[in-house]
There are 2 protein chains.
Amino acid sequence: MPAHAAASKQSVRARAEHGNSLRKAFYEIRELIVHGRLSPGSWIVEADLARHLAMSRTPVRSALHWLQREGYVIEHKNARKSRMVVAPVTKEDAGELYSIIGHVEGLAGRHTAVLPKSRRLEIVGLLKGFNSQLRTIITARDSRAAGIFDLDRNFHRTIIESGAGPRLLALHKSIEPQAERYWRLYASSIINDLHLSVAEHDEIIAAIVAGDPDRVERGLQMNWENGCHRLARVIEIFGERGSW
Amino acid sequence: MPAHAAASKQSVRARAEHGNSLRKAFYEIRELIVHGRLSPGSWIVEADLARHLAMSRTPVRSALHWLQREGYVIEHKNARKSRMVVAPVTKEDAGELYSIIGHVEGLAGRHTAVLPKSRRLEIVGLLKGFNSQLRTIITARDSRAAGIFDLDRNFHRTIIESGAGPRLLALHKSIEPQAERYWRLYASSIINDLHLSVAEHDEIIAAIVAGDPDRVERGLQMNWENGCHRLARVIEIFGERGSW
DNA sequence: ACTATACCCATTGTCTACAATCCTGGATAC
DNA sequence: GTATCCAGGATTGTAGACAATGGGTATAGT
């Protein structure tokens, strides 16, 4: 079948790209927002994004709706026309966001706390690993923000994935990445307080070892709440917009 | 401009419908799911829904993505083709859902609890109204499920809208309607236990009057947790699928 | 110079067409 | 009789076209 063979050659590329545009658009646009390449408050034009991502407006549009539902993008509605803008960055928003994440993680943590002891110790092993890596970075005064953020995220994600059911996990996955925006926008300054967060992580680990749901929940909530305070101080100094 | 005039005649209808399809699709499909007209676990075909709603697949498709993000619809992914099915109804899911709602409302309730006293009393006035209406229905043995559900929803929504910020409110609005599915599927049996829920509402009211955030949070969480237990018993008896 | 009005362009919301993929059913070979 | 494979329909994913709307700008009138 030479016809088939010829067709398959073309479809190698097509097959690889068909059905992935929406996902790709979602993650790429989210990346743009989280990394501040799309400045908070700036106005989004579907066609521009579509060109940038080399795809049609259809998947871009859907992706934007997802992002809107999750709070990365907000809608200026004039009658029935919706202008989308990148969600602005404010102290109030950070406070609410961090508080929600803290409570969501707290709820998941409660379940983690009552897992069988063997499983808990397994988890604690991972957590201690992440935390000691963080300590290493601190003492080395190595300020590669990316690595730090990933370690912190892995710490939390490990707890949540162990304890949360599918709904709670999905909720966490949709909310938590938004904290990354604030991390990245104000990272350089947050890093100085990293040792505080690491200490709070130790408390959380201890609580998991003890198998005390209330204590785990409180620990996680506190970690986020304190993180929010630390962040608020920085925002106070540097202003609310993603500058540049 | 006769051409313009002729065009405007056509556009009277078009103008009324332009830009509302997505919203309409979202709410109508959600309604279908919540009311059980789309049976849990059944397989969704975009084109069928589009025909049913008298619109093209595009807005339907977007609406389905929203619903997927919010958990009304889940995705059976085979490679890169996603088949959407109406989210099944299970005891586990109900438990997780109710727990999440309880904690989200609890968090909002904390803020409500620390509002100025005058505002709190104003809120409490509304709440007492809803609750006394519920009592009336109970004593009258009037089992119009719809009214009961709305009253209960208004009770909770009043608290949340008073205390929650935009993010938390959006979160609540996207999660809470899913409880309605369970209400409706098993309503007839839940109503018998309504007096318990009403009593719990009284405790919540008292906590708001006292201005005690912990107590308000606990009250709301308990209300949902107990509701979940009551629901679980019913599911146990009637089976997990939306029958009919 | 300032305001009001009308037009035009930028942008969004929807629709239709097409490409890719999956699933089912039947035909064929063993 | 059963297993396998091909074909065709059914369904999803993307692209591009088109209609509608809103805001900005140029122009004219005062």
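For D:dA15, the OP1/OP2 oxygens have no side-chain nitrogen or oxygen of A:Thr58 closer than 4.0 Å. Within the structure, every side-chain polar atom (N or O) of A:Ser56 is placed at least 4.0 Å from both OP1 and OP2 of D:dT14. Checking the phosphate oxygens (OP1, OP2) of C:dT12, no side-chain nitrogen or oxygen of A:Ser82 falls inside 4.0 Å.
Here the rule is ring-ring contact (aromatic ring centres under 6.0 Å, His included) with B:Phe149, and of B:Tyr182, B:Phe130, B:Trp183 only B:Trp183 fits it. Partner of B:Glu46 under the salt bridge (Lys or Arg N to Asp or Glu O under 4.0 Å) criterion, chosen from B:Arg83, B:Arg61, B:Arg51: B:Arg61.
Side-chain atoms of B:Arg23 stay outside donor-acceptor range of the base of C:dG13, with no qualifying N/O pair under 3.5 Å.
In this structure, B:Arg83 atom CZ and D:dT11 atom C1' are separated by 6 Å, rounded to whole Å. Rounded to an integer number of Å, the gap from CZ of B:Arg57 to C1' of D:dT12 is 6 Å. Straight-line distance from the NE2 atom of B:His76 to the C1' atom of C:dC23: 15 Å, rounded to whole Å. Following rounding to the nearest Å, A:Asn20 (CG) and D:dG13 (C1') show an atom-to-atom distance of 10 Å. One can place NE2 of B:His65 at 10 Å from C1' of D:dT12, the figure rounded to the nearest angstrom. Atom CH2 in A:Trp66 sits about 13 Å away from atom C1' in D:dG13, given to the nearest Å. One can place CG of A:Leu53 at 12 Å from P of D:dT14, the figure rounded to the nearest angstrom. As a whole-Å value, the separation of A:Glu75 CD from C:dT12 P is 12 Å.
Nearest to the side-chain atoms of B:Met55 among the listed nucleotides D:dG13, D:dA15, C:dC15 stands C:dC15. Side-chain proximity of B:Ser21 to C:dT11, C:dT14, D:dT14: nearest is C:dT14.
Every ring-ring contact (aromatic ring centres under 6.0 Å, His included) that B:His156 has, sequence neighbours left out, goes to B:His201, B:Trp224.
Taken from CD1 in B:Ile101 to CD in B:Gln221, the straight-line distance is 12.5 Å, to the nearest 0.5 Å.
Side-chain polar atoms of B:Arg30 and B:Gln178 form no donor-acceptor pair below 3.5 angstrom.
In this structure, A:Leu64 reaches neither bases nor backbone, as no heavy-atom distance under 4.0 Å exists between it and the strands shown.
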